[in-house]
Structure formats: C-alpha cells, structure tokens
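The block underneath contains the structure these notes are about, expressed in structure tokens.
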Amino acid sequence: MKSELQELLARAVTAALPEADTSRAPHVERTRDAAHGDFASNVAMVYAKQAGQPPRQLAQMIIDSLPASDLVEKAEIAGPGFINFFLRRGEMQAVVRQVLEAGADWGRGSQGAGLRVMVEFVSANPTGPLHVGHGRGAAYGDCVSRLLAFTGFDVTREYYINDAGRQMDILALSLWLRYLQACGEQLDFPGNAYQGDYVIEAAATLRAQRGDDLRIAADDVLAAQADAESPDAALDAMIARARDALGADEFLALLDIILTLQIDDIRDDLEQFRVGFDHWFSERGLVTEGAVQHALKGLSEAGHVYEQDGATWFASSRFGDEKDRVLVRASGSHTYFAADIAYHLNKLDRGFERLVDIWGADHHGYVPRVRAAVAALTGADDRLAVQLVQFANLYRGAERLPMSTRAGQYVTLRELRDEVGTDAARYFYVMRSNDQHLDFDLELAKSRSNENPVYYIQYAHARVCSVAQQARDKQWPADPDAADLTRLDTEQEQRLITLISKFPEIVENAALNYAPQTLAHYLRDLADAFHSLYNAHQFIVDDAALRNARLALALAARQTLANGLDLLGVDAPQSM
RNA sequence: GCGCCUGUAGCUCAGUCGGAUAGAGCAACGGCCUUCUAAGCCGUGGGUCACAGGUUCGAAUCCUGUCAGGCGCGCCA
C-alpha cells in the first residue's frame, strides 16, 4: 500500500520536475493524526529548493501530476507543504481479507531475497550452566533469526563452542579434583577452579563409572603446586601434574566427559527456552583442521601481515582498528583473535554472504579488530554486522540480585524460566533495545496483572478466541465472505485496521535493523487497540453483515498477534 | 587519557529516513461489570527532550562543545 503510493508519487514528481533526481523512492509515512489523512509525504518540501519554488506551490504541481488511481480518494496540501493522502473508502478495510487469506504468512517479506545469513549467538563457554546474561543474548539472537527468516533471508543459526584453550584445561582439572574428593582424598578445592555443583555431580558419576582408576594421592597433587607464586600458576601446575599422571589422552577424555555434559545441558536449556541452533561449531575442530594457518595465509597473501618482536601481527589499523594486533605470539602459540579470524573465514568459506555476530557488550572493544579482519579477507566492509547485547540486571522488587560468574554466584537461565516462565522471560529480554541496559524485575515478570505487557498481549489473543467460540456456540460462526467491511468505520475499528496494516512494515523494519523491540512495542499497541474496540462495541450482533465484518476484523487481529508473538517466540494461548 | 553507549513525565521506557500539537505503561486521582473473559476499558493531571551553540522551511532526532552516568582499551579468553 505504501509502496504503491511511492510509485504514484515518483511518477508525479518526474512529471512535475523532469530534471529532478528521483533515483530514491519518495518519502511516504503514516500520519499520526487522522485529520491528516492516511499517508503523508514531504517530497514538495524536499524538492522545493532545487525547483526554486515555494513548497506549497510545488505540492500543488505534484498533486496535479498524480496519475489516476483506485487507491487514492484525494490528496491535499497541508501545513508547510505536506501532501496528505486520503485513501478511498474500503481500501484500508481490505487488509482484513488479505490477513485472513495469508494466515501464518501474513507479514512475510521477500526483502532478504534468499541471501544466506549466519546468525551466531549465545556461544557461551561450556564451563557451566547458562545464566540470565546469556538468556538475553539467546532471546535476542533467536528473535533476530526468526525475523530475518520471515523477511526472506536464508538463515543459519550457529553456536560457537569455545572448547579449546586454558579454560578447558581448568574445567577438566576441576572435574578431576572433585573426583579425587569423591574418592576420599583430602584436598582444598582451588578458589579459581570451577565451583559449581554440576562439577561435583559429574565427578560423582565419574567415580561410580571408573572407581579408583584415575585416583592419585592428594599429597602428590598438592606437591605439584607447592612452589607456585600465584593461584593461577598453581592451577597450571596442577593441570601439568594431571596430564602427567593420567596421560594426555585420559586428560582429554576427562574434558570430553564434562564438556559433553555441559553442552547437552545447554542445548536442553535453550530448547526449553524455544531457542534452536542449526549447527554447533567446535573451536577445537577449527584448530585441528588447520583453519588458523589457512586464515593466516589468506591475510598474508592480501599483504596485511608482518613480523615484529618475534610475533606475527595483523595490520588491523589499516581497517579502522586503533592498533595492530598479534596473531601468533613470540612463544609460537596463536592468539584467541587468530582463531576467531579463522572462524569468520570459515563462515565465509561456507558460503554465507552476510554474517551477524551477537556478543555480550563487554566485548565491544573487540569489534573493530574482527571487523578489520573480515574487511581484509573479503575486501568489503558490509559483510559483518556485530550486535552487542548489554547485560541484564536482575531485581526482585527493589532488591538487586548480585551476579558473579567466577564465584559461581548467579541466577541461571533455568531458574529464571522456572520462576517467570519462557513467555515472560523472552518478552522482557527483547522489549528493550539490545544495546540498552535492562533491569529485569522478577516480580513484574511473574505478575498476572496489567503491569505485565506479556499477559496483556496474550489476553487480547485469547479474547478473540473466546469471541469466535461464542459466535460458533450461537450458530453464527464467523463468515468473512458475508462481511461488509465498509461497515468498519468507528474510531476503534479504524485504529485497529490501520495498526494491522502496518504489520509488514514493522516486521521488515525490525528485521533489517535487528530490532525486535520495535515489534514488541507494536504488539502492545495492537493489543491496546483491540481491547479498546472490545470494550466499545459488541462483535456478536444481529446484523449479519456487520457481525461478520467485526468478526473478520477480530480474526485478522488475532492472526497478526499470533504471527507477531511467534516471531518473538512467545505463545499465543487460546484461553487464559 | 582515548574510544563506544546512554541522558525524554515522579518511575521504567518508546519515538523509524529530520516533519505537523513529543507518546505509552506504571504510580496518583475520578468513573465503567444484569450484555462477547475487569489479566479489560474510559477520563484527568503531569515535559526546559541533560545544558549551550550550529545546520534549515522545520531538530528529541543531524553537527560541535560542556556536564552527568555506564562500559571498553593485553603477545587474556
């Protein structure tokens, strides 16, 4: 509807101003005030200067040049030079039938044109359960993925598993030490190892399976770290002792045990949060397959790598980073950054034309260098989009809950789900812009009242279901074909219709801007419009043409609510 | 010190590409259930869009500066 108007306007502008640059589609927007018609455009004011004419005079010329259309009832000049469009009676109402015909596809777009997009998100280290901070990234990334897919992109969702490096060694060590404790060895568990109960549980299982196979004397372990100068050095010494005592293969097997448990747990947790991944990508596999060397070679051949102070550097400052970065240390080991470049190159090699990375906001200093790497590898600066997700602070009423991953003191995503439910959690997570801090009030999310926007929206959906059921009970099932949609002319009906017709634009905007919060706000407004109508007028009335028109409108509202909620991953209940 | 983000009603926040009289929810106050779910609706009050300049037909929105808050600045991951 909007694009049709843009088409009409473009032709009118070309006719009125043959020499004007009309390469860009003219700006057309919804009016805020019904007195200004249905749509308005500012083209006359935009072109006034280059046309050398007052805006209102130019507006008249453009209106006079408008091609005939079934869509437009009239166009008039307003204010400083706006052109207000009043649509022909019935044009807006026609959207009701469009919605009912499209059903679950109502709002689906084709802007993505099948472009292959990878959305990588969560990617939390598998060293413990997901906490509420990860939950926000999960909800956000999932909504963005759903929106992109609905807008015509070919979306793949991936979870990058950081299963290589020192943190993994510490995780394996943590399991082994707990195992030794389970065997009855007396030793103090290090404060900088993984504290969580899940390690103790895994150790108990391991002990049950393997008996004393992996046991050595506690004194032996403690002796290994006796000379260590720092807690970190002590940990490294114990890791070395464990490798020595168990053998590298057995140590790795130990790691795989707890890693598999953790990943299974995370997958299960996310599935219950209605977040699914197409692929789980192992960092370890990347390293063993020589991907890091492949990436280094790629950067090197492009001429962006040099040696200095015994290390290998990437000239990221050429691509907007504030300084160059080390890829391979003087010690010969590659940096985390080098592995990350290899991972991004791997994504590109798999044929993804656009990459979307969703990271915690604490990584924002890392964005320029990864952006630089992708630019260096592709020669383009628009292949990678990085979206940061700010942390969520949890409140219970006015009390702020403390969070510390290191100390093992945090609220898990699972606990959050158990307490407030998946629907409320998902909605609350995405109702704020991802780059804004979020204060998540558990009491509010749980409340079954009008303070809670999730229930407000779901209630609107359930109410339509209830109305439809009562119509059936009275032997008056909704029959859209028998509806006279032009009867939908009250203030409340017009408002609801207008909002429904906006849905495709809202979805497209939310998808292209990675902004699900705009959809969340829209659904709130849509529910509001429905509740207002519900209270102002009866749906089930004797006049069949009017009754069916109102029922059709209600069903269209329900469909729009359902499609929108689905994009947020929130249920649309039949009754509440 | 440098970089990024933020500052809008008492509180929490929307505000798309600059557009017409800056909007919601909560809180406060006053109404609405013999009629489709009151988890709802209607109404009232509430603003120096942090501050100061600039750009222009027009600025909460763009630019510059100031103030305030948050985060990030490793041959860590």
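Basis for what follows: all heavy atoms, side chains included, without hydrogens, waters or symmetry-related copies. The chains referred to below are lettered A, B, ... by the order of the sequence lines, with proteins before strands, and numbering in each begins at 1.
- Heavy atoms of A/Ser532 sit under 4.0 angstrom from primed sugar atoms or phosphate atoms, though from no base atom.
- Contacts of A/Asn84 with the nucleic acid, taken as non-hydrogen atoms under 4.0 Å apart, include base atoms.
- The side-chain tip of A/Arg524 points at the ring of A/Tyr456 from less than 6.0 angstrom away and within 45° of straight on.
- Judged by distance alone, with hydrogens and angles left aside, the side-chain atoms of A/Arg284 form no donor-acceptor pair with the main-chain N or O of A/Ala164 at under 3.5 Å.
- Look at A/Tyr456 and you'll find a side-chain N or O under 4.0 angstrom from OP1 or OP2 of B/C41.
- At whole-Å resolution of the value, CG in A/Asp236 and P in B/A77 are 12 Å apart.
- Within the 4.0 angstrom heavy-atom criterion, only backbone atoms of the sugar-phosphate kind lie near A/Gln436; the bases stay farther away.
- A/Ser575 comes within 4.0 angstrom of a base, heavy atoms only.
- A/Ala40 comes within 4.0 angstrom of a nucleotide base, judged by non-hydrogen atoms across all strands.
- As judged by a 4.0 angstrom heavy-atom cut-off over every strand, A/His363 is placed among the base-contacting residues.
- Regarding contacts with the backbone of B/G74, every side-chain N or O of A/Arg369 stays at 4.0 angstrom or more from both OP1 and OP2.
- Using a 4.0 Å cut-off between charged side-chain N and carboxylate O, A/Arg550 and A/Asp543 make no salt bridge.
- When rounded to the nearest whole Å, the span between CZ of A/Arg30 and P of B/A14 equals 23 Å.
- Here B/C75 is the nucleotide among B/C57, B/C41, B/C75 with the atom lying nearest to any side-chain atom of A/Ala330.
- In this structure, CG of A/Asn509 is placed 12 Å from C1' of B/G15, rounded to the nearest angstrom.
- Among the atoms of the strands shown, only primed sugar atoms or phosphate atoms (P, OP1, OP2) are found under 4.0 Å from some heavy atom of A/Asp528.
- Straight-line distance from the CG atom of A/Asn42 to the C1' atom of B/C57: 12 Å, rounded to whole Å.
- In this entry the distance linking CD of A/Gln492 with P of B/C41 reads 12 Å, nearest Å.
- At the heavy-atom level, A/Asp435 lies under 4.0 Å from the strands shown only through sugar-phosphate atoms.
- In this structure, the nucleotide among B/C36, B/A14, B/A77 sitting nearest to the side chain of A/Asn125 is B/A77.
- Mapped onto RNA chain B by nearest heavy atom, A/Ile506 and A/Arg329 fall at different nucleotides, with A/Ile506 at the one closer to the 5' end.
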query = When Watson-Crick pairs (N1 to N3 and N6-O4 or O6-N4) and G-U wobble pairs (N1-O2 and O6-N3) count only below 3.5 Å on both distances, what is the dot-bracket string of RNA chain B, with | for other-strand pairs?
reply = (((((((..((((.....[...)))).(((((.......))))).....(((((..]....))))))))))))....
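- Here the nucleotide nearest the side chain of A/Trp313, chosen from B/G70, B/C75, B/C41, is B/C75.
- At a cut-off of 3.5 Å, with distance as the only test, no side-chain donor of A/Gln517 or A/Tyr140 sits close to an acceptor on the other residue.
- Within 6.0 Å of CD in A/Glu229 there are 12 or fewer heavy atoms belonging to other residues, nucleotides or ligands.
- The residue A/Pro80 sits close to a base: some heavy atom pair falls under 4.0 Å.
- For B/A14, the base has no donor-acceptor partner in the side chain of A/Asp525 [N/O atoms by modelled type, under 3.5 angstrom].
- Between A/Cys465 and the options A/Arg558, A/Gln470, A/Met576, a side chain to side chain contact (heavy atoms under 4.5 Å, CB included) holds for only A/Arg558.
- In this structure, A/Arg463 is positioned above the aromatic face of A/Tyr534, its NZ or CZ under 6.0 Å from the six-membered ring centre and within 45° of the axis.
- Using a 4.0 Å cut-off between charged side-chain N and carboxylate O, A/Arg166 and A/Asp232 make a salt bridge.
- Nearest nucleotide to the A/His437 side chain, out of B/A20, B/C75, B/G70: B/G70.
- B/G70 and B/G31: their C1' atoms are spaced 44 Å apart (whole Å).
- Between A/Phe530 and A/Phe539, the gap from one ring centroid to the other is short of 6.0 Å.
- Within the 4.0 Å cut-off from OP1 or OP2 of B/A38, at least one side-chain nitrogen or oxygen of A/Arg463 is found.
- Residue A/Lys474 places no side-chain N or O under 4.0 Å from the OP1 or OP2 atom of B/U35.
- In this structure, A/Phe440 atom CZ and B/C13 atom P are separated by 14 Å, rounded to whole Å.
- Taking atom P in both B/A52 and B/U61, the straight-line distance is 12 Å, to the nearest Å.
- If you measure from atom CG of A/Asp321 to atom C1' of B/G74, you get 13 Å, rounded to the nearest angstrom.
- Crowding of A/Glu491 atom CD: a count of heavy atoms from other residues, nucleotides or ligands under 6.0 Å not exceeding 12.
- Residue contacts shown for A/Phe337 are absent, as no nucleic acid heavy atom lies under 4.0 Å away.
- Residue-level contact check: A/His461 touches neither bases nor backbone, having no heavy atom under 4.0 Å from any strand.
- As judged by a 4.0 angstrom heavy-atom cut-off over every strand, A/Ala78 is placed among the base-contacting residues.
- Put simply, the side chain of A/His27 and the base of B/G19 share no donor and acceptor less than 3.5 Å apart.
- Residues A/Leu58 and A/Leu17 form a side-chain contact, since some pair of their non-hydrogen atoms from C-beta on lies under 4.5 Å apart.
- With C1' as the reference atom, B/G58 and B/C11 are 33 Å apart, rounded to whole Å.
- With P as the reference atom, B/A27 and B/A39 are 15 Å apart, rounded to whole Å.
- Heavy atoms of A/Gln470 sit under 4.0 angstrom from primed sugar atoms or phosphate atoms, though from no base atom.
- If you check every strand for non-hydrogen atoms under 4.0 Å, A/Ala515 touches nothing.
- Nearest to the side-chain atoms of A/Met576 among the listed nucleotides B/A39, B/C36, B/G19 stands B/A39.
- Among the nucleotides B/A77, B/G25, B/U35, the one closest to the side chain of A/Tyr336 is B/A77.
- Heavy-atom distances to RNA chain B give each of A/Gln6 and A/His521 a nearest nucleotide, and the one nearer the 5′ end belongs to A/His521.
- The P atoms of B/C73 and B/U8 are separated by 27 Å, rounded to the nearest whole Å.
- Atom C1' of B/A22 sits at a distance of 39 Å from the matching atom of B/U35, rounded to the whole Å.
- Here, B/G45 and B/A24 have their P atoms 13 Å apart, quoted to the whole Å.
- When the C1' atom is used for both B/C29 and B/U16, the distance is 35 Å, rounded to whole Å.
- Judged purely by distance below 3.5 Å, without hydrogens or angles, the side chains of A/Tyr427 and A/Gln458 never pair a donor atom with an acceptor atom.
- Put simply, CZ on A/Arg550 is 18 Å from P on B/U35, counting in whole angstrom units.
- A donor N or O paired with an acceptor N or O is not found under 3.5 Å between the base of B/G72 and the side-chain atoms of A/Asp362.
- Base orientation for B/C41: anti, the chi torsion being more than 90° from 0.
- Distance from the side chain of A/His531 is smallest for B/G40 among the nucleotides B/C73, B/U16, B/G40.
- Listed nucleotides B/U16, B/C4, B/A77 differ in distance to A/His364; the shortest reach to its side chain belongs to B/C4.
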